[in-house]
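To start, the structure itself, in structure tokens.
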Amino acid sequence: MLWEVRVSYKRGVQDSEGESTLKGLKALGFGGVEGVSTAKVYLIKGNCSRGDVEEICRRLLANPVSQDYTIRGIEGEDE
Amino acid sequence: MLWEVRVSYKRGVQDSEGESTLKGLKALGFGGVEGVSTAKVYLIKGNCSRGDVEEICRRLLANPVSQDYTIRGIEGEDE
Amino acid sequence: MNFCILRAPGTNCDGETARALEELGCGAEVVHLKRLLDGRVDILGYSGLVIPGGFSYGDHIRSGAIVGRVLSHALGERLSRFVDEGRPVLGICNGFQVLAEAGLLPGFEGTSRFPEMALSKNASSHFEDRWVHLRAGESSCPFTKGMPPVLRMPVAHGEGRVVLPPGGLERLEANGQVALRYALGSGEPAGGRYPENPNGSAGDIAGITNPQGNVLGLMPHPERAFLRILYPDWTRTGGEGYGDGYLLLRNMVEYVRRL
Amino acid sequence: MSSPPARLTVPLRSLGEDELLRTSRERQLSLSREEMGTIRDHFRAAGREPTDVELETFAQTWSEHCIHKTFKGRIELDGEVIELFRDTIAGVTSKLRLPWCFSVFEDNAGLVDFEGEMALAFKVETHNHPSAVEPFGGAATGVGGVIRDILGVWGEPIANTDVLCFGPLDLPYEELPPGVKHPRFIHSYVVAGIGAYGNNMGIPTVNGAIYFDRSYVGNPLVFCGTLGLVPKAKYARDVKPGDAVLLVGGKTGRDGVHGVTFASAELHERSEEVSATAVQIGDPIEEEKIKRGILRVRELGLGSAITDLGGGGLSSAVGEMAHRAGLGALVHLERVPLKYPGMRPWEVWISESQERMLLAVPKANLDRVMEHFAEEEVEATPIGEFVPGKRLRVLYRGEEVADLDLAFLFRGCPMVARKAKWKPPRLEEPSFPMDKDLGGDLLRILGSPNVASREGVIRTYDHEVRAATILKPIHGYGPGDAAVLRPLYDSWKGAVLSNGLNPEYGKIDPYWMAASAVDEAVRNNTAVGGRRIALLDNFCFGNPERPEVLGQLVRAAKGCSDTALAHGTPFISGKDSLYNESPLGPVTPTLLISALGIIPDVRRAVSMDLKGPGHRLYVLGTTRDELGGSHYYKIKGHTGKNVPRVYPDEARELFEALIKAMDMGLVRACHDLSEGGLGVAAAEMAFAGSVGLELDLGKVPLAGRMREDKVFFSESNSRLLVEVREEDSPEFEAALRGHSVASIGKTVDDKELVVKKGKKTLLKAGLDALRDAWEASL
Ligand SMILES: Nc1ncnc2c1ncn2[C@@H]1O[C@H](COP(=O)(O)OP(=O)(O)O)[C@@H](O)[C@H]1O
Ligand SMILES: [Mg+2]
């Protein structure tokens with residue numbers, strides 16, 4: 001199976017990465033850009049259920065206090 | 001408009017973060033996981049065309065030697 | 001002789017780098033990137049350019065990406081001229097990343113508009129501070145000439161793994177552009193072995209020069225190996241005098257004197 | 001949408017005690033019944049109701065975190081009444097009256113003289129609760145916060161320290177209570193957060209410790225320290241009426257709202273949801289820019305005062321700055337740059353958004369100061385001015401939302417009076433047979449979590465940026481006792497940083513736990529050549545409203561003070577973090593002592609690795625049957641009762657004699673004896689230098705008869721191992737005459753550690769095996 005996990009900052013939590021990217025784009029002359037936010041994607045391959053991936057997010061990939069995550073089955077989800 | 005850019009490693013370029021995540025998951029007892037790869041997502045908001053975003057990727061977000069990118073219009077793409 | 005030590009938000013090795021150059025008898029002026037960009041300062045007013053270590057703009061996108069791309073976008077032409085005139089450019093750690101992103105290194109055909117190499121996340125995937133052995137002398141770079149066969153300096157970075165396009169390594173080697181390689185204590189190349197090669201760089205590359213030899217980018221920090229007393233084992237091996245970083249920086253200064 | 005008026009009042013005057021307490025709870029004020037009553041009476045007398053902004057200001061300023069109620073309150077223990085701060089910690093400093101203490105307990109950090117016009121500023125803070133819920137952000141902002149304490153005394157930060165306490169990494173997941181993160185998760189993200197902040201700012205992380213104990217599962221401890229350099233003449237504290245109140249740095253958001261009240265309450269299962277706004281990630285690059293701006297303003301002497309925006313945000317900082325200057329302040333709250341619209345005035349006022357500083361600037365300098373910050377791309381906003389009359393007035397779009405009497409705000413908080421109880425736990429000394437071969441025990445201790453190598457963590461921190469770290473955390477391939485820095489380019493004088501921490505002893509007696517922590521910090525400092533030592537205390541205890549916890553606190557405060565006094569080492573700053581409890585109970589009483597020494601010439605610093613064969617090895621200090629809380633007992637499954645004590649008069653003179661011998665150049669290597677005792681120290685010195693060692697336990701100076709295993713693993717305080725060249729040994733012995741010192745062995749060519757008693761061999765182990773055991777874990 002192949003799962004896609006996407007981890008992003010919760011609303012209100014500072015996304016310095018997005019902010020510095022915005023600054024960089026302005027400096028490069030991309031004046032039209034108004035905002036940038038970022039997220040991290042993990043593609044997880046293996047023999048695991050959606051429940052496992054939930055658990056993986058909670059235990060390692062995301063902190064529910066400051067981050068949101070979404071899980072998407074890409075291949076072979078059998079639920 | 002809102003664009004989603006996704007930057008990932010080129011084939012053959014080591015994704016060390018994915019590898020270390022895999023190691024971490026194994027250590028946590030997720031034996032079923034076989035591989036992890038990572039990517040970075042930028043959500044770009046503003047007055048810019050697909051061509052602009054293309055240019056943004058080439059000029060800043062991706063290094064052509066090690067990274068690939070994909071662009072997806074999420075809102076208000078008028079092409 | 002007056003060096004421009006370029007800094008941007010997040011640069012943090014400018015103080016000790018400037019200090020080392022001053023001890024070698026040159027002027028070393030720390031200049032904020034924005035002063036170059038808004039034209040208050042002209043890069044061509046300096047005898048050399050040093051881009052020191054740090055985390056410019058937080059290094060979020062890729063280390064050195066913003067400064068590198070902004071430099072090439074806004075000052076590309078002046079920088080090319082600076083390099084073509086043979087003036088020395090040294091990029092240390094984050095500075096190396098900047099030079100790579102700016103297209104100044106490897107500079108196969110002169111300065112390129114887009115990067116021709118990448119300094120990617122360490123194979124270990126984390127930041128690492130450790131002393132390494134280096135082998136110099138294969139390249140045309142005058143800054144690494146006449147050095148002892150094995151040098152010691154510390155690295156401290158999270159993204160220092162040299163990634164090259166297909167054929168890139170061969171091309172670098174053929175051009176004599178490999179200035180420094182990670183080595184074993186004996187001077188043999190590290191052969192990709194960790195931790196001797198601390199980041200998994202292709203060809204054990206720690207430093208690259210341009211074909212002309214006047215631009216050098218390296219991940220190790222010469223300013224942190226400037227004095228023997230900064231070595232991690234000086235209490236065993238002696239803390240008097242200058243270290244290998246001094247030799248490299250002195251070579252660069254002498255190169256300018258000869259220009 | 002019509003927004004509510006800026007000025008909202010909270011009816012208090014008619015409330016009874018219970019209703020007051022309910023209001024405190026509902027608004028998350030963490031104020032007690034008595035405190036609420038005092039506030040109500042104050043406003044009754046004033047003939048009006050408080051505004052929400054005013055009430056929140058009290059909640060911040062009167063929080064345990066800001067006002068240290070417990071340490072400044074009256075505590076009764078066994079009929080004796082004591083004020084902890086005055087009678088113990090500060091008492092030591094005032095009794096010692098040392099002329100080199102430049103500023104103590106007054107400011108954001110303690111300051112001591114260094115070289116010429118330069119002073120060193122040192123501060124250690126804790127960031128425990130945020131690190132429990134958001135370990136990366138919590139630890140990172142902990143580092144950011146303590147760096148701002150140094151900036152807040154006009155200091156240039158030059159080094160960081162971090163001491164971390166976690167639950168066991170191998171804790172089974174099933175044992176985790178709901179809402180608690182696994183120690184592995186917390187460990188790896190805390191370490192990442194500390195590294196990220198310090199590395200990004202270019203401040204080397206040079207010293208620290210990691211400690212594991214079950215009591216930290218629900219409540220990890222994260223101590224972050226920063227050392228700074230301050231030219232004394234630039235230490236401006238001279239606010240005049242008319243000076244601008246200048247807010248510098250990042251924008252203000254809802255983050256950290258109620259951070260201090262959060263820190264002053266116990267963690268509970270739902271802390272995660274309730275306190276989401278107390279969580280922040282931090283932006284070191286912003287702080288780096290602020291630092292540059294501040295150092296420039298300092299150099300040019302353009303500011304009249306500075307402080308950080310920490311706990312309580314603007315509400316604490318503005319009031320404190322005015323109060324110290326004997327002035328008042330007028331603030332226009334709508335001028336504060338916000339991250340997003342829609343914040344209530346009280347939220348702006350108490351927000352703890354990171355990377356902000358407060359400066360007082362004479363009007364004539366204001367434009368120049370603003371320009372310097374603009375040059376660094378840092379936002380600087382005048383939000384008001386200092387005024388005569390000791391009132392703190394806050395306006396929002398012209399409407400008055402607070403008008404407070406500063407004297408009442410800072411002195412009106414009712415002093416707490418609490419009862420403490422101390423009952424020694426009932427413990428026994430174990431009895432078990434000794435293994436014929438001590439090698440197995442030694443390998444187990446070397447590999448145990450609290451002894452094993454920290455290299456994997458240390459290397460993720462940049463410990464040599466600034467090119468001034470002379471003794472590094474891993475020097476000569478072994479675990480150093482203290483870091484040595486060379487702060488100034490034009491001087492060889494050094495600063496020496498070390499720490500002492502041993503919670504395990506706290507399970508037996510917090511008094512000796514604290515005494516041991518002081519002795520350990522001082523002897524670690526001494527081991528590399530540090531002297532003229534100043535101390536910081538950081539107490540992390542459970543809920544002080546519980547008499548048993550308070551009893552432990554009193555004993556610890558006395559233990560560290562008595563020992564510090566005897567060592568002649570003043571406290572210059574510190575902090576207490578109480579309410580470190582989770583559903584799993586309170587943390588083990590934990591006291592971190594951080595020591596700052598100096599060394600006249602860093603080229604004389606001594607490292608712990610053995611330098612070569614054919615040298616003598618001396619043990620300094622007396623070994624006693626004190627294995628309570630030792631690692632040896634621990635691996636045998638015991639706690640024991642004979643906790644290590646300190647005999648400080650012996651210790652002080654011994655350390656002074658050792659320093660003399662070091663200055664004469666007689667000491668080749670030196671290592672302090674602590675966790676794992678002589679066995680671990682000897683093994684570490686040997687494999688660090690890759691030099692073999694032969695010891696005779698029969699020669700170790702003892703107080704009374706002891707079995708060999710106890711001699712080898714005792715953790716008695718005030719002891720060190722010293723390597724001396726054969727030809728220097730007469731001089732060395734002369735320098736240490738009159739002290740408890742013995743030559744117990746010699747360094748050899750074979751790469752082995754051999755331990756004998758007379759003719760009997762008790763241990764023989766290859767250095768590689770020892771090193772592998774030490775490196776295996778973590
Ligand atoms: N338990 C303590 N032991 C020693 N010093 C303390 C203690 N608590 C507070 N102090 C001192 O009081 C001063 C003010 O403390 P505090 O208001 O907490 O500072 P900040 O908020 O800037 O950290 C500091 O210098 C600190 O050293
Ligand atoms: Mg403070």
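Every chain is numbered from 1 and lettered A, B, ... according to where its sequence line falls, protein lines coming before strand lines. Since this is a predicted model, take the numbers as computed values, not measurements.
- The neighbour count for E85(C) CD, taken as heavy atoms of other residues, nucleotides or ligands under 6.0 Å away, is above 12.
- When each of E19(B), R59(B), E17(B) is checked for heavy-atom pairs under 4.5 Å with chain C, R59(B) comes out on top.
- The environment of NZ in K45(B) is sparse: at most 12 heavy-atom neighbours from other residues, nucleotides or ligands sit within 6.0 Å.
- Counting heavy-atom pairs closer than 4.5 Å to chain C, the top-ranked of the candidates G18(B), P64(B), S66(B) is P64(B).
- Of the two parts of H126(C), neither the backbone nor the side chain holds a non-hydrogen atom closer than 4.5 Å to a non-hydrogen atom of chain B.
- If you take CD1 on I66(C) and CG on L60(B), they are separated by 5.5 Å, rounding to the nearest 0.5 Å.
- Within residues 154-172 of chain C, the residues having any heavy atom under 4.5 Å from a heavy atom of chain B are, by residue number, R161(C), V163(C), L164(C), P165(C).
- Using modelled atom types, one finds no donor on one side chain facing an acceptor on the other under 3.5 Å when comparing S16(B) with S125(C).
- For K23(B), the NZ atom is loosely surrounded, since the number of other residues' heavy atoms within 6.0 Å does not exceed 12.
- Within residues 101-123 of chain C, the residues having any heavy atom less than 4.5 Å from a heavy atom of chain B are, in residue-number order, E101(C), R113(C), F114(C), P115(C), E116(C), M117(C), A118(C), S120(C), K121(C), N122(C), A123(C).
- Per-residue heavy-atom pair counts under 4.5 Å with chain B were compared for R62(C), H73(C), R69(C), and the maximum is reached by R62(C).
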